[in-house]
There are 2 protein chains.
Amino acid sequence: MPEDVFKALADPTRRHILDELADRNGQSLFEIRARLATKHGLGMSRQAISQHLAVLEAAELVRTRRQGRYKFHDLNTAPLERIATRWLRTDAAEDTQ
Amino acid sequence: MPEDVFKALADPTRRHILDELADRNGQSLFEIRARLATKHGLGMSRQAISQHLAVLEAAELVRTRRQGRYKFHDLNTAPLERIATRWLRTDAAEDTQ
DNA sequence: TTGTCAGGCAAGCCGTCACTTGCTTATTGT
DNA sequence: ACAATAAGCAAGTGACGGCTTGCCTGACAA
């Protein structure tokens, strides 16, 4: 259910993960963890990032594909296109009773 | 610092408030409370909605104008236009937190 | 003035969330 | 087979967020 998109975007760490995947798609968990540490100064545990990725995957913002013992994560921007346009219908906003 | 936009959008009640303001702009606190109760079945206290409006105002998603003892709330969609396009572009405009 | 109405301030309760720690599973290399 | 690597599962903790309750301020009307 794509109402979790807002909840998924609420955390700054998850937004940084999306930034990293937007920069380079198809990263594994350890790659994301390494890049978050070096480029964003976020020294978090592996499980922390794993849980963040689970939230992003539940919100369908990240798609995963398994390959052996690796699990690669791909950014999916489809849910993002809907959320902003929800309130951007500013045509009849000046309707006072 | 309108990176609180994501946090403001995380709550479903606040999204309903934005829906109401998108439908009819310039409502007061009691008007919003009445419409949330009737149209969304949300029977919340006045302070609850007041705190939600404070969060929305801090995120600059809602602008307010005082008029006597009334305080009218107007929807401001400017912060919304940035959040989706953050990941819809190829190059990363990464900063913020 | 007094009473009522719209809104604000502050403390507290309670659930959710982010993160950790520990253990387990599955895949690959030697 | 064994060890190392990539990831998953689960319980526990600390903090933050949403909502309530109670009291207070300011604005209008009789």
Side-chain angles (χ1 to χ4, degrees), chain A residues 1 3-21 24-37 40-59 61-74 96-97, chain B residues 1-21 24-37 40-59 61-74 97:
Chain A
M1 34 184 152
E3 276 292 315
D4 301 326
V5 178
F6 299 99
K7 189 189 68 178
L9 292 175
D11 188 81
T13 302
R14 285 196 286 267
R15 296 197 295 270
H16 285 134
I17 291 177
L18 294 182
D19 289 336
E20 275 308 310
L21 290 179
R24 181 148 71 95
N25 220 10
Q27 297 187 63
S28 71
L29 172 58
F30 276 74
E31 289 176 303
I32 295 173
R33 173 173 143 90
R35 289 172 75 113
L36 284 180
H40 298 274
L42 298 177
M44 299 172 27
S45 70
R46 174 183 58 87
Q47 286 78 359
I49 302 177
S50 178
Q51 290 165 4
H52 282 307
L53 287 172
V55 174
L56 291 172
E57 192 176 358
L61 285 166
V62 164
R63 290 207 183 99
T64 59
R65 48 189 163 91
R66 272 222 114 122
Q67 191 168 342
R69 57 177 165 181
Y70 297 97
K71 185 178 183 182
F72 298 113
H73 302 76
D74 298 289
T96 57
Q97 75 172 150
Chain B
M1 39 201 84
E3 275 295 319
D4 303 325
V5 179
F6 298 99
K7 191 187 66 178
L9 291 176
D11 188 80
T13 302
R14 286 196 285 269
R15 296 197 294 271
H16 285 135
I17 291 177
L18 294 182
D19 288 335
E20 276 307 309
L21 290 180
R24 182 149 70 99
N25 220 8
Q27 297 187 62
S28 71
L29 172 59
F30 276 74
E31 289 175 303
I32 294 173
R33 173 172 144 88
R35 289 172 74 114
L36 285 180
H40 298 274
L42 298 176
M44 299 173 25
S45 69
R46 175 182 58 87
Q47 286 80 357
I49 302 177
S50 178
Q51 288 165 6
H52 281 307
L53 287 172
V55 174
L56 291 171
E57 192 176 359
L61 285 166
V62 164
R63 290 206 183 99
T64 59
R65 46 189 164 92
R66 283 208 99 117
Q67 191 168 342
R69 57 178 165 179
Y70 297 96
K71 186 179 182 182
F72 299 113
H73 302 77
D74 298 288
Q97 188 211 352

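Reminder, nothing fancy here: chain letters follow the sequence lines and each chain counts from 1. No hydrogens, no waters, no symmetry mates; every other heavy atom, side chains included, goes into these values.
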| Hey, does B:R33 reach any base, or is it just sugar-phosphate, or nothing, if we go heavy atoms under 4.0 Å? |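 No contact.
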| said: One pair to check against side-chain contact (heavy atoms from CB on, under 4.5 Å): A:M44 and A:L36. What are the steps and the verdict? | reply: CA-CA 9 Å; A:M44 299 172 27; A:L36 284 180; 5.8 Å; no
| Does a nitrogen or oxygen in the side chain of B:S45 sit under 4.0 Å from OP1 or OP2 of D:dC19? |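 No, because none of the side-chain N or O atoms of B:S45 sits under 4.0 Å from OP1 or OP2 of D:dC19.
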| A:S50 vs D:dA7: side-chain N/O to OP1/OP2 distance below 4.0 Å | no
What integer distance in Å separates [X]:[atom1] from [N]:[atom2]?
X: A:H52; N: D:dA7; atom1: NE2; atom2: C1'; result: 17 Å
X: A:Y70; N: D:dT5; atom1: OH; atom2: P; result: 10 Å
X: A:Q27; N: D:dA7; atom1: CD; atom2: P; result: 11 Å
X: A:M44; N: D:dG14; atom1: CE; atom2: C1'; result: 15 Å
X: A:H73; N: D:dA6; atom1: NE2; atom2: C1'; result: 11 Å
X: B:L9; N: D:dG17; atom1: CG; atom2: C1'; result: 15 Å
X: A:Q51; N: D:dA11; atom1: CD; atom2: P; result: 13 Å
X: A:D11; N: D:dC16; atom1: CG; atom2: P; result: 13 Å

Under the 3.5 angstrom rule, does the side chain of [X] hit a backbone N or O of [Y] as a donor-acceptor pair?
X: A:R14; Y: A:K7; answer: yes
X: A:R65; Y: A:H73; answer: no
X: B:Q27; Y: B:E20; answer: yes
X: A:R15; Y: A:A10; answer: yes
X: A:R35; Y: A:L21; answer: no

| query | When every nucleotide of nucleotides 24-30 of chain D is labelled 5' to 3' by its protein contacts under 4.0 Å (heavy atoms), B for base, S for sugar-phosphate only, - for none, what sequence of letters results? | reply | ---BS--
| query | Quick one: on DNA chain C, does B:Q47 or A:R14 contact a more 5' nucleotide (nearest heavy atom)? | reply |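 First, find each residue's nearest nucleotide; the 5'-ward one identifies B:Q47.
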Under 4.5 Å between any side-chain heavy atoms of [X] and [Y], yes or no?
X: A:I49; Y: A:T13; result: no
X: B:L61; Y: B:L9; result: yes
X: A:V55; Y: A:D4; result: no

| request: Using the heavy-atom set of chain A and a strict 4.0 Å cut-off, write down the first and last nucleotide of DNA chain C that makes it in, 5' to 3'. | output: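 Nucleotide range in contact with chain A: C:dC17 to C:dT28.
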